[in-house]
Amino acid sequence: MGLFDKKNCDICGEKIGLLGNRKLDDGNLCKNCASKLSPWFEERRHSTVEDIKRQLEYREKNKNAVRSFSITREFSTDRYHVFIDDNKGLFAIAFNMSEQDNPDIVPLSAITSCRLDIDEQRVEEEYKDQDGESRSYVPPRYNYSYDYKIKLGVNTPWFDDMDFKPNTFSVKDHERAKMMNYEQLASQIITTLTGAPAPAPVYSNGMMNQGYPQQGNMMNQGYPQQGNMMNQNAPQHGTMMNQDAPQQTSGDTWVCACGATNTGAFCEYCGSPKP
């Protein structure tokens, strides 16, 4: 057979169009059959024809669970809804709770982990000098933005995570109300799913808690503060009683006058030497 010869789907037997093939470990899958798989399923290329047939059988049975699902609590994010059936101890994460969408119905007892991950990005703010050249402020100023992801681990035969983003667009550092709302919503979802207090957010870019409001004191911790233009775009740490003077901390870390915590001889953010 030639490279571009049409193939048959090993699930339904129908002809597969030129661009419609979804490769399996030992066969081929058409777009129509692939659309019936769980949206959380990520191992299609490493699955056999028999694996896919078993999952499609499960997906058909799942429609019965959708029909009998009774929504007792619901959390709405920008795109996804978290549906809870407290009577049966079940949950689903989907756009809609309908048989047509067929969201996976999962026992709450199948949850193995749940946390909020925060991806913090910063872009240095610059100005134009009299010659029209871009220059950095001294000390540097940064604009921060944040993306949120709820990392949900589950123990099911077909997938082991159901990660989803509460936000659609990145949140800017001056959008404090949005930042607080996303964290509070994520905390409520995590607590509801796990039955335990939500753990502290995890920074996926390794920033280690710089530039983000923390649970318990969201109004004055971890993100740029207004009212001090020389320090407006530097991460704040806790409640700094004296923001104009360097502060020493325990161990090998020290706090610069700009508000950043450092371990080296110079400030990571403004370049000032260690006092």
Side-chain angles (χ1 to χ4, degrees), residues 22-25 29 33-48 50-63 65-66 69 71 73-86 88-98 101-121 146-171 182-208 212 215:
R22 304 291 184 268
K23 288 293 294 179
L24 300 175
D25 188 53
L29 183 70
C33 289
S35 68
K36 300 176 183 178
L37 297 172
S38 168
W40 308 108
F41 180 62
E42 300 174 340
E43 298 297 323
R44 187 254 307 165
R45 282 185 172 272
H46 303 293
S47 298
T48 65
E50 189 59 32
D51 292 334
I52 298 301
K53 287 181 177 179
R54 286 198 301 268
Q55 183 179 158
L56 290 178
E57 290 177 2
Y58 146 73
R59 291 287 290 161
E60 281 300 312
K61 294 178 180 178
N62 188 75
K63 292 179 180 179
V66 173
F69 192 96
I71 302 173
R73 284 183 286 176
E74 178 180 353
F75 299 91
S76 299
T77 68
D78 286 359
R79 297 182 63 207
Y80 291 94
H81 294 259
V82 179
F83 302 101
I84 309 292
D85 184 341
D86 291 292
K88 298 184 181 71
L90 303 172
F91 78 98
I93 300 171
F95 302 120
N96 297 290
M97 178 57 70
S98 68
D101 288 353
N102 195 20
D104 292 276
I105 306 301
V106 182
L108 289 166
S109 59
I111 295 174
T112 58
S113 63
C114 193
R115 71 172 191 263
L116 174 63
D117 272 19
I118 303 164
D119 181 26
E120 178 187 75
Q121 302 295 328
Y146 305 91
D147 280 295
Y148 306 83
K149 178 179 284 188
I150 294 179
K151 302 278 288 185
L152 177 60
V154 292
N155 182 17
T156 79
W158 316 109
F159 47 87
D160 54 16
D161 62 71
M162 301 173 72
D163 303 344
F164 65 99
K165 291 179 60 177
N167 62 304
T168 301
F169 302 102
S170 297
V171 184
Y182 282 123
E183 181 173 344
Q184 289 174 344
L185 176 60
S187 178
Q188 292 172 356
I189 291 173
I190 293 170
T191 299
T192 299
L193 290 175
T194 64
V202 175
Y203 283 76
S204 57
N205 61 357
M207 290 296 288
M208 293 303 294
Y212 185 76
Q215 297 174 354

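Scope of the values below: all heavy atoms of this structure, side chains included, with no hydrogens, waters or symmetry mates.
Here the side chain of Arg44 pairs a donor or acceptor atom with the backbone of Lys23 at under 3.5 angstrom. The closest donor-acceptor contact from the side chain of Ser187 to the backbone of Ala198 lies at 3.5 Å or more, if one exists at all. With hydrogens and angles disregarded, a donor-acceptor distance shorter than 3.5 Å links the side chain of Gln55 to the backbone of Ser38. In terms of modelled atom types and a separation under 3.5 Å, the side chain of Asp160 and the main chain of Gly153 share no donor-acceptor contact. Within the 3.5 Å criterion, the main-chain N or O of Arg59 finds a donor-acceptor partner in the side chain of Asn102. Using a distance-only test at 3.5 Å, with no hydrogens or angles considered, no donor-acceptor pair links the side chain of Arg22 to the main chain of Cys33. Between the Asp147 side chain and the Asp119 main chain, no donor and acceptor come within less than 3.5 Å of each other.
Inter-residue side-chain proximity for Leu193 and Ile84 is flagged as met; some heavy-atom pair is nearer than 4.5 Å. Between Asp25 and His46, the closest side-chain pair of non-hydrogen atoms is not below 4.5 Å. Contact annotation: the side chain of Trp40 never approaches that of Thr156 to less than 4.5 Å [non-hydrogen atoms, C-beta and beyond]. Contact check for Ile105 versus Lys61: no side-chain heavy atoms found under the 4.5 Å cut-off. In this structure, Asn155 and Ser109 have side chains that are not in contact, with every pair of non-hydrogen atoms separated by 4.5 Å or more.
A pairwise comparison of heavy atoms in Leu185 and Ser76 identifies CD2-O, 3.5 Å as the closest pair. Contact between Phe159 and Val106 at its shortest, heavy atoms only, is CZ-CG2, 4.2 Å. The two residues Pro107 and Leu90 have their closest heavy-atom pair at CA-CD2, 3.7 Å. Taking both residues in full, the closest heavy atoms of Ser98 and Pro103 are given as O-CD, 3.4 Å, listed atom of the first, atom of the second, then distance. Counting all heavy atoms, side chain and backbone alike, Thr194 lies closest to Cys114 at CG2-CB, 3.6 Å. Taking both residues in full, the closest heavy atoms of Lys165 and Thr77 are given as O-OG1, 4.2 Å, listed atom of the first, atom of the second, then distance.
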Begin with the C-alpha distance, continue with both residues' side-chain angles, and end with the deciding distance and a verdict on side chain to side chain contact (heavy atoms under 4.5 Å, CB included) for Ile118 and Tyr182. CA-CA 11 Å; Ile118 303 164; Tyr182 282 123; over 6 Å; no

Check step by step if side chain to side chain contact (heavy atoms under 4.5 Å, CB included) holds for Lys151 and Asp161. CA-CA 7 Å; Lys151 302 278 288 185; Asp161 62 71; over 6 Å; no

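How far CZ of Phe69 is from CZ of Phe83: 8.0 Å, rounded to the nearest 0.5 Å. Ile52 CD1 to Leu37 CG: the interatomic distance, rounded to the nearest 0.5 Å, is 5.0 Å. Taken from CD1 in Ile150 to CZ in Arg115, the straight-line distance is 12.0 Å, to the nearest 0.5 Å. Here the straight-line distance linking atom NE2 of His81 with atom CD1 of Ile93 works out to 12.0 Å at 0.5 Å rounding. If you take CZ on Phe164 and CE on Met162, they are separated by 8.5 Å, rounding to the nearest 0.5 Å.
Of the residues Ile189, Leu152, Asp86, the one that meets the side chain to side chain contact (heavy atoms under 4.5 Å, CB included) test with Phe91 is Leu152. Under the side chain to side chain contact (heavy atoms under 4.5 Å, CB included) test applied with Leu24, the options Thr48, Asp51, Leu29 reduce to a single match, Leu29.
No side-chain N or O of Asp78 forms a donor-acceptor pair with one of Tyr148 less than 3.5 Å apart.
For Lys88, the NZ atom is densely surrounded, since the number of other residues' heavy atoms within 6.0 Å is greater than 12.
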